[in-house]
Asks: 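I'd like to ask you about the structure that follows.
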Amino acid sequence: MASAAVVEHTFNVGATNISQLCTESVIYTANEQLPGPTIEANEGDTVVVHVVNESPYSLSVHWHGIFQLLNGWADGAYLITDCSIQPSGNFTYQFNITGQEGTLWWHAHSSLLRATIYGALIIKPRNGTAGYPFTAPYGEIPIVFGEWWNKNVNDVEIDGHLTGLGPAISDALTINGMPGDHTSCKGAGVYEVEVASNKTYLLRIVNAALNVELFFKVAHHNFTVVAVDACYTGPYTTDVIAIAPGQTVDALMTTLAPPRWYYMAATVFDSNTASIPFNNGTATGIIKYEGAPNETIASMPSMPAHNDVVTANNFYWSLTGLARSDDPAVPTTVNHSMIVEFGLDQEPCAPDQTKCKEYALVAFMNGYSFQPPKKVSLLNALFDDLTDVYSEDFPMSPPSVPTIRKATSVKKVMYNDVVEVVLQSKKYKTKVGTENHPIHLHGYNFFVLAQGLGRYDPTERSTFNLVNPQVRNTVAVPGGGWAVIRFTANNPGMWFMHCHLDAHVPLGLGMVFEVLDGPAPNILPPPPDGYPKCY
Ligand code: C2O
């Protein structure tokens with residue numbers, strides 16, 4: 001048995017010149033890499049990352065999916081758990097990885113900066129590949145999807161606010177930072193990987209794209225999904241993967257095809273229930289078998305239609321948890337049974353939205369449009385008992401008459417309470433339709449007990465999977481549909497639950513769980529040295 005180690009990194013976040021899509025740009029990256037550095041650790045290790053902010057923007061880095069048990073100060077959620085590292089400042093994030101294995105990732109959690117500041121976080125079993133609940137793979141292939149804008153992403157975000165319609169669509173989808181050879185730019189970067197025949201590879205797939213769910217295929221190859229969001233699944237065989245922003249998928253792929261070159265490709269899945277523009281391009285990469293002849297044209301997979309809801313939901317809904325004997329069982333007594341309705345609506349343009357024409361977008365959860373606090377993080381306010389920073393009136397169910405109120409409102413729960421949430425995608429009163437929304441919870445994994453289209457009906461309760469539901473940190477709630485999640489609030493702190501379409505966060509598509517301290521030792525300790533405070 002390997003003993004726990006300390007995995008240490010320094011991320012220098014600063015300007016990087018890049019030629020991408022036939023355009024010269026300056027972007028902000030960690031260590032001049034796109035994607036940023038991969039963090040590799042074993043379960044049980046401690047991760048230490050010194051973030052040095054050499055950019056002109058203030059910045060928080062979030063370790064997406066890491067529990068941060070009794071360590072919410074390191075969650076890196078801007079204004080929820082910290083106040084961001086100022087330009088020329090630095091902060092050391094330190095956290096333990098306990099009881100999690102698989103693929104997670106990290107990203108900037110303040111403004112659109114996460115378009116270029118992100119990377120994979122790979123957690124292996126502490127006793128090595130023998131710890132996998134599947135045959136150890138011959139090799140591993142990281143596949144990290146992103147979205148690329150030719151313009152400075154901060155300007156894209158500001159413009160999205162001024163128009164009231166959110167950021168413009170991206171200029172390209174990327175695989176491991178590169179758009180591939182199916183864009184109008186000849187000579188754009190293409191991710192290539194060499195494989196041996198008749199071997200099984202573990203693909204570690206992350207959707208770090210900002211605003212789009214994706215389909216992913218490799219021509220002439222099948223996948224066996226073995227984990228999602230760093231939680232093992234029952235083996236699930238498919239030729240197509242659907243993945244929402246925030247989610248990860250670990251899939252085995254055996255190289256049984258003739259020794260040639262094959263494209264991998266990613267395209268947008270959009271349910272088409274709202275007339276919102278999206279990037280309809282294709283990101284490609286190439287899998288090259290060893291000894292393959294130099295191909296002039298590799299085979300391209302045939303991708304599902306952008307609005308192929310059936311294929312997407314078939315993937316999302318077919319997954320089950322592995323539910324090994326020592327995995328936590330689904331709690332059966334529920335302390336808080338919530339219905340949270342969310343979506344987008346329109347409101348009058350604000351005076352500062354100088355490019356806004358008819359209306360501006362606004363988002364809500366149970367009638368509240370989440371406003372982050374301004375002067376102090378919620379976690380700081382909780383710890384220091386500050387009043388007037390937030391209210392504890394986040395409703396258990398939607399208002400009977402659709403109204404939208406801007407507020408910093410949290411749902412308070414006691415330590416170890418079991419929370420069940422029916423996540424209902426909803427259209428309010430206007431012409432803004434429904435969209436798919438990947439809902440992400442910080443600080444916990446949750447069980448996904450059931451999912452469906454249309455309106456959740458309480459009779460669905462009889463269909464809940466309480467035996468081997470999938471366990472995730474981000475669930476792709478279908479446009480106009482629902483998902484039921486359940487988790488045990490065993491981690492004191494302030495935990496953001498929000499849509500992982502980046503465009504929807506500033507519109508208010510989020511809420512926060514305030515989880516109180518438990519009996520000792522389940523008490524949130526004071527903030528670490530150098531914690532980015534606001535006051
Ligand atoms: Cu991956 Cu709140 O984020």
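All values below were derived from every heavy atom in this structure, side-chain atoms included, with hydrogens, water molecules and symmetry-related copies excluded. We count ligands from 1, going down the list as the structure has it; atoms in each ligand are counted the same way.
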Asks: What is the name of the N/O/S atom in His498 that sits closest to atom 2 (Cu) of ligand 1?
Replies: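 For His498, the N/O/S atom sitting closest to atom 2 (Cu) of ligand 1 is NE2.
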Asks: Return yes when at least one N/O/S atom of His62 is nearer than 2.8 Å to atom 1 (Cu) of ligand 1, and no when none is.
Replies: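 Here the distance criterion (N, O or S atom, under 2.8 Å) is not met by His62, so no.
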Asks: Tell me which N, O or S atom from His442 is the closest to atom 2 (Cu) of ligand 1.
Replies: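 Among the N, O or S atoms of His442, the one closest to atom 2 (Cu) of ligand 1 is NE2.
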Asks: What is the name of the N/O/S atom of His64 that is nearest to atom 1 (Cu) of ligand 1?
Replies: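 Answer by atom name: ND1.
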Asks: Any N/O/S of His107 under 2.8 Å from atom 1 (Cu) of ligand 1?
Replies: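 Yes, since at least one N, O or S atom of His107 sits under 2.8 Å from atom 1 (Cu) of ligand 1.
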Asks: For Asn42, does its backbone N or O pair with a side-chain atom of Asp45 as donor and acceptor, under 3.5 Å?
Replies: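 Indeed, once roles are kept as given, a pair shorter than 3.5 Å links the two residues.
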Asks: Any Lys/Arg nitrogen of Lys412 or Glu514 sitting under 4.0 Å from an Asp/Glu carboxylate oxygen of the other?
Replies: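 Answer for the salt bridge query: no.
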Asks: His500 and ring pair (Phe, Tyr, Trp, His ring centres under 6.0 Å): which single residue from His437, His109, His440 fits?
Replies: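 Option passing the ring pair (Phe, Tyr, Trp, His ring centres under 6.0 Å) with His500: His440.
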Asks: What are the two closest heavy atoms between Asp517 and Pro492, and how far apart are they?
Replies: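 It is OD1-CB, 3.4 Å.
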Asks: May I ask you to check whether Phe216 and Phe145 place their ring centres under 6.0 Å from each other?
Replies: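 Ring centres of Phe216 and Phe145 closer than 6.0 Å.
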